[in-house]
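Note sheet for the following structure.
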Amino acid sequence: MEMAAVKDSAILESGTERTLYPYVTGTSVIGMKYKDGVILAADMGGSYGSTLRYKSVERIKHIGKHSLLGASGEISDFQEILRYLDELILYDNMWDDGNSLGPKEVHNYLTRVMYNRRNKFNPLWNSLVLGGVKNGQKYLGMVGMIGTHFEDNHVATGFGNHLARPILRAEWREDISFEEAVKLLEKCLLVLLYRDRSAINKFQIAKITDEGVTISQPYALKTNWGFSAFQNPSKGAEGSW
Amino acid sequence: MDLDLGAPHSLGTTIIGVTYDGGVVLGADSRTSTGMYVANRASDKITQLTDNVYICRSGSAADSQVISDYVRYFLHQHTIQLGQPSTVKVAANLVRLLSYQNKNMLQMGIIVGGWDKYEGGQIYSVPLGGTILKQPFTIGGSGSSYLYGFFDQAWKEGMSKDEAEKLVVKAVSLAIARDGASGGVVRTVIINADGVTRNFYSGDSLPLWHEELEPHNSLLDILSSGSPEPMST
């Protein structure tokens, strides 16, 4: 069959594998700037197709002193990206010159990595959110698997683009406090939990300020099923929903 | 993704039908999805055909709805002609007839459950293709994959009404925990000589399984309650 022939010749020619489709995936990541820095949120699910296979996957990690990286998409590719960044930070530290890579630099590095892989038709199957603070300057950016990248006051990946960003557009403000930011993120996380099939009820919220990084312990949110219409939806219309 | 048109695939749902001493318990989740989006988080997948026969629907929402409409219509006429409530066996066979004769066009798995005065509580499974099988209990939908082992161990003959309902709720709740295509609330319908009872078990009232956590209103509540190490570096 056609697809098999293409796959075989790709392996025979290159002697290596290339990513055709993802296996273990993480869903949305949402992030926004707030008064004291940048805040990110994601659930802890690693789906294997339609199975909710892994339920304690940490999809937000800190990079150096100044950045937070959240990832959706293939988890193995995210872990590989963390290895690349480890090496990047190590080499940066070895200069021992008092300078350290800020979020803008890390974002640019990731953009180059993702875009170059895309050009070789062997992408890292992720959508990344990079947030950080350096010398009081807040930074929040996104990179996709084909190398598309941009910066904004609030970002989201996957389903978050459709469900969370409209909420953020309506309710985000420049001087939003930490408490308000958490509440706003939780509002988005709840909508995603209701409406995204691959979302699970276990979240981590991470913040980064000039003081440093803090990633919350895993926690769950209360969901609301108490609408009277939910009790007996097909009353008066048997056979419908 | 390879397009294997020959392989049957069950689509988003977990449905269960269980007989007990005196009647049947039907159970289902409430998630209807279009692709990865949850179109309806509180759907009702347990549909009435007659006063004494209900069905659990899985697979294509459209196919199962239209077939249940046809079967309800035929059963209504049959009841009038017969002069008494139709039997569960007749209802199940009507579902089978339509499923079998339109097998190339339909994609649905049905569980028929009910009570009549001749045979008592009965469960019939009508999967893809239109096979009909009478069974003491049956499971269906994509979420059922996660329940075969559970039922092999937990099913027992001669359960009481409460034991049967508890088993069904526990099972649907376990499937919801692992199947992305199942979710929302657990609905049950109990049918016996006394009539029909509908129940509703929502997210917060279901037990927590492995790696699931106690829900809170917000992270801020956890932080302010001063629990040890709520945030780490």
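Chain A is the first sequence line, chain B the second, and so forth, proteins listed ahead of strands; every chain is numbered from 1. Just so we're clear, the structure is a prediction, and the values are computed from it rather than from any experiment.
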Best-contacting candidate, B/Ser68, B/Ser202, B/Ala177, against chain A by heavy atom pairs under 4.5 angstrom: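 Winner by heavy-atom pair count: B/Ala177.
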Option in B/Ser30, B/Gly184, B/Ser182, B/Ser64 with maximal non-hydrogen atom pairs under 4.5 Å from chain A: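 Most heavy-atom pairs under 4.5 Å with chain A: B/Gly184.
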At what distance, to the nearest 0.5 angstrom, does [atom1] of [X] lie from [atom2] of [Y]?
| X | Y | atom1 | atom2 | answer |
| --- | --- | --- | --- | --- |
| B/Asn217 | A/Lys183 | CG | NZ | 7.0 Å |
| B/Ile46 | A/Ser234 | CD1 | OG | 9.5 Å |
| B/Ser218 | A/Ile205 | OG | CD1 | 7.0 Å |
| B/Tyr37 | A/Arg195 | OH | CZ | 4.5 Å |
| A/Gln217 | B/Leu219 | CD | CG | 8.0 Å |

Best-contacting candidate, A/Ser47, A/Ser50, A/Gly45, A/Ala220, against chain B by heavy atom pairs under 4.5 angstrom: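 Looking at each option in turn, the highest pair count goes to A/Ala220.
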Which heavy atom of [X] sits nearest a heavy atom of [Y], and at what distance?
| X | Y | answer |
| --- | --- | --- |
| A/Leu52 | B/Ile176 | CD1-O, 4.1 Å |
| A/Pro233 | B/Ala42 | CG-O, 3.6 Å |
| A/Tyr194 | B/Arg31 | O-NH2, 4.4 Å |

A/Phe178 side chain near B/Leu220 side chain, heavy-atom distance below 4.5 Å: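 Side-chain contact under 4.5 Å: yes.
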Between [X] and chain B, which part of the residue has a heavy atom less than 4.5 Å away: side chain, backbone, both or neither?
| X | value |
| --- | --- |
| A/Thr51 | both |
| A/Lys55 | both |
| A/Tyr48 | neither |
| A/Leu193 | backbone |
| A/Phe230 | both |
| A/Phe203 | neither |

Contacting region of B/Arg41 [heavy-atom separation from chain A under 4.5 Å]: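 Answer is both: backbone and side chain atoms of B/Arg41 are under 4.5 Å from chain A.
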Sequence-distant partners of A/Tyr219, side chain to side chain donor-acceptor pair (under 3.5 Å), two or more places apart: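 Expected list: A/Glu186.
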A/Arg197 side-chain N/O to B/Gly35 backbone N/O, donor-acceptor pair under 3.5 Å: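 Such a contact is found between A/Arg197 side chain and B/Gly35 backbone.
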Heavy-atom neighbours of B/Tyr100 OH exceed 12 at 6.0 Å: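 12 or below, so no.
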Atom CG of A/Leu82: over 12 foreign heavy atoms under 6.0 Å: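 Enclosed: over 12 neighbouring heavy atoms sit under 6.0 Å from CG of A/Leu82.
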Proximity of residues 207-214 of chain B to chain A, residues having a non-hydrogen atom under 4.5 angstrom: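 Under the 4.5 Å heavy-atom cut-off, B/His210, B/Glu211, B/Glu212, B/Leu213, B/Glu214 qualify.
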side-chain contact (heavy atoms from CB on, under 4.5 Å) between B/Met36 and A/Thr27, intermediate numbers included: CA-CA 11 Å; B/Met36 292 302 274; A/Thr27 186; over 6 Å; no
